[in-house]
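Working notes for the structure below.
Remember, it's 1-based here, ligands and their atoms both numbered in the order they're listed.
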Amino acid sequence: MATVSSRPARSTFACSECGHESPKWLGRCPGCASWNTFAEVVAPQRSPAAGRRDGARTEPVELASMRDGDQPRLSSGLPEFDRVLGGGIVAASLVLVGGDPGIGKSTLLLQVAAGIANGRAVLYVSGEESAAQLKLRCERLGLSGEGLFVLPETNLEEAFRRADSLAPAVLVVDSIQTVYTEAAGQAPGSVAQLRQSAMELMRWGKTIGIPVFIIGHVTKDGDIAGPRLLEHIVDVVLYLEGERFSSYRLLRGVKNRFGSVDEIGVFEMTGEGMRAVENPSQVFIGERARDAVGSAIMATLEGSRPMLVEVQALTSPTVTPAPRRTANGLDVNRLVLVSAVLSRRLGLPLASQDIIASVVGGLRVREPASDLALALAIVSSQRDKPIAGDIIALGEIGLSGELRSVSQLDRRLAEAERLGFTRAIVPASNANGGPQREGINVMPAPTVRDAVRLALP
Ligand code: TYD
Ligand code: MG
């Protein structure tokens, strides 16, 4: 008779894209519908780190007996970075910074590390670059490197040993895909390694009370490779985004246990690293030519922050059987909807026209409040007539051509006024109850047809 103690370690299978688990191997993931992404995950052996955890005891705490619910936050020295975190770094928090390879994650985190190292020690563990390479990068960024310790290491246990003796204020791990822990007996980059490494980092950070930053690379599908399954482990998830050929980068929170995920940080990648952009609106509409045909300005809200953006459209006679619709920085479905409404409600002959629409500066606008600016840009291009340079347009377009209200109109108008705009076309439903502004003439429009009449008389 077989004895229970000789049973082999139980293994399961997990999807490397979304982390979906299954007791048996599957060709197609039921979680995210990817093919051939299942890999075996062997249940981890008890690790030395797990043994250490057994040593530290935690006690239940009565909330009423605690003095202050607000935890003290550490500043990164980059106000733009602190803002996205919700006002600085929370003690013992685990933060995942994701983004495409080459987008600037290492650069940003090295700057953050150096900012914190001001008078403290910070440990930057890199599985990607040597100490000499990091020194070169530091010099390029104009950072002294004082208090900033780098450790080219891929073994997490070794990194913890070094960190334990250094007692840094912050630990940075670059990247989660290149490190491995002995607690998971598999190759770096595998699902089991990613998850176990993140768990070990969390355990280490929470036990000692030190914030940990993890860098994770995103795959072509837009998920952090594997680390999609880290999102629920970590406290904060930030993504660094940007277009390949634009120097602007957005740092966007998608999860934050200590603050809102609405805040974004705007940076520019320069020769000396990431520079915070103080006035994003100025940047995004700065290159607009006066009297440009096919261009309209709108104010988008990124969290609580209003930003003016230029929406451009180009119509040109189609040579394919079906006209093409291409959107850059905008939702292509909104473009299809807006052009269909313009065809039907305004009688514009768009069925024979290709339309290319884009948001200038590499920004992605996800809210339907940009519909009206898009519609006006299309009409402007179609008629070959420019929209006056002092007009901004806001509103979501409904299927019957009606303009639907946008949120926080006052904030958007204030930003437009600050940048010298004097006229705003807004949905009539918004303008009625909405507050009036001194420096900006608010022109209510019930439908897109009315808006076109106001913008292109
Ligand atoms: P990096 O931070 O290494 O990206 P990631 O860690 O996300 O993979 O940034 C790489 C790119 O940034 C590289 O193409 C060079 C460019 N770069 C600058 O433009 N300026 C700089 O000061 C630095 C350090 C890098
Ligand atoms: Mg890097």
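The protein heavy atom nearest to atom 8 (O) of ligand 1 is Gly102 N, 2.7 Å. Of the protein's heavy atoms, Arg137 NH2, 2.9 Å lies nearest to atom 3 (O) of ligand 1. When only non-hydrogen protein atoms are considered, atom 24 (C) of ligand 1 lies nearest to Thr107 OG1, 3.6 Å. The protein heavy-atom contact nearest to atom 22 (O) of ligand 1 is Gly273 N, 2.8 Å. Closest to atom 18 (C) of ligand 1 among all protein heavy atoms lies Arg140 NH2, 3.4 Å. Residue, atom and distance of the protein heavy atom nearest to atom 6 (O) of ligand 1 are Ser106 OG, 2.6 Å. Protein heavy atom nearest atom 4 (O) of ligand 1, with residue, atom name and distance: Gly104 N, 3.1 Å.
In this structure, atom 11 (C) of ligand 1 has a protein heavy-atom contact shorter than 4.0 Å. Protein heavy atoms all stay at least 4.0 Å away from atom 14 (O) of ligand 1.
Distance alone, capped at 3.5 Å, places no donor-acceptor pair between the Glu200 side chain and the Thr181 backbone.
The local environment of CZ in Arg120 is crowded, with over 12 non-hydrogen atoms from other residues, nucleotides or ligands closer than 6.0 Å.
Contact annotation: Gly99 has no heavy atom less than 4.0 Å from any atom of ligand 1. Ligand 1 is approached by Thr270 to a heavy-atom distance shorter than 4.0 Å.
If you check the side chains of Glu310 and Ser295, you find a donor sitting under 3.5 Å from an acceptor. Inspection of the Ser106 and Glu128 side chains reveals no N or O donor paired with an N or O acceptor under 3.5 Å.
For Met269, every heavy-atom contact with ligand 1 shorter than 4.0 Å involves the side chain, none the backbone.
Here the side chains of Asp331 and Arg366 are not in contact, with every heavy-atom distance at 4.5 Å or above. Considering only heavy atoms from C-beta on, Val95 stays 4.5 Å or farther from Val212 through its side chain. Residues Met298 and Leu372 form no side-chain contact, since every pair of their non-hydrogen atoms from C-beta on lies 4.5 Å or further apart. Considering only heavy atoms from C-beta on, Val266 comes within 4.5 Å of Glu80 through its side chain.
Close contacts between ligand 1 and Pro101 involve ligand atoms 8 (O) [criterion: under 4.0 Å to a heavy atom]. When each atom of ligand 1 is checked for a heavy atom of Leu141 under 4.0 Å away, the hits are 22 (O), 24 (C).
We find that Arg162 and Glu158 are joined by a salt bridge, their nearest charged nitrogen and carboxylate oxygen being less than 4.0 Å apart.
Metal site remark for the Mg ion (ligand 2): Ser175 contributes no N, O or S atom at a distance under 2.8 Å.
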- Query: Should Arg252 and Glu241 be marked as a side-chain contact (heavy atoms from CB on, under 4.5 Å) after you check the CA-CA gap, both sets of side-chain angles, and the distance that decides it?
  - Reply: CA-CA 8 Å; Arg252 192 187 292 278; Glu241 304 175 343; 3.1 Å; yes
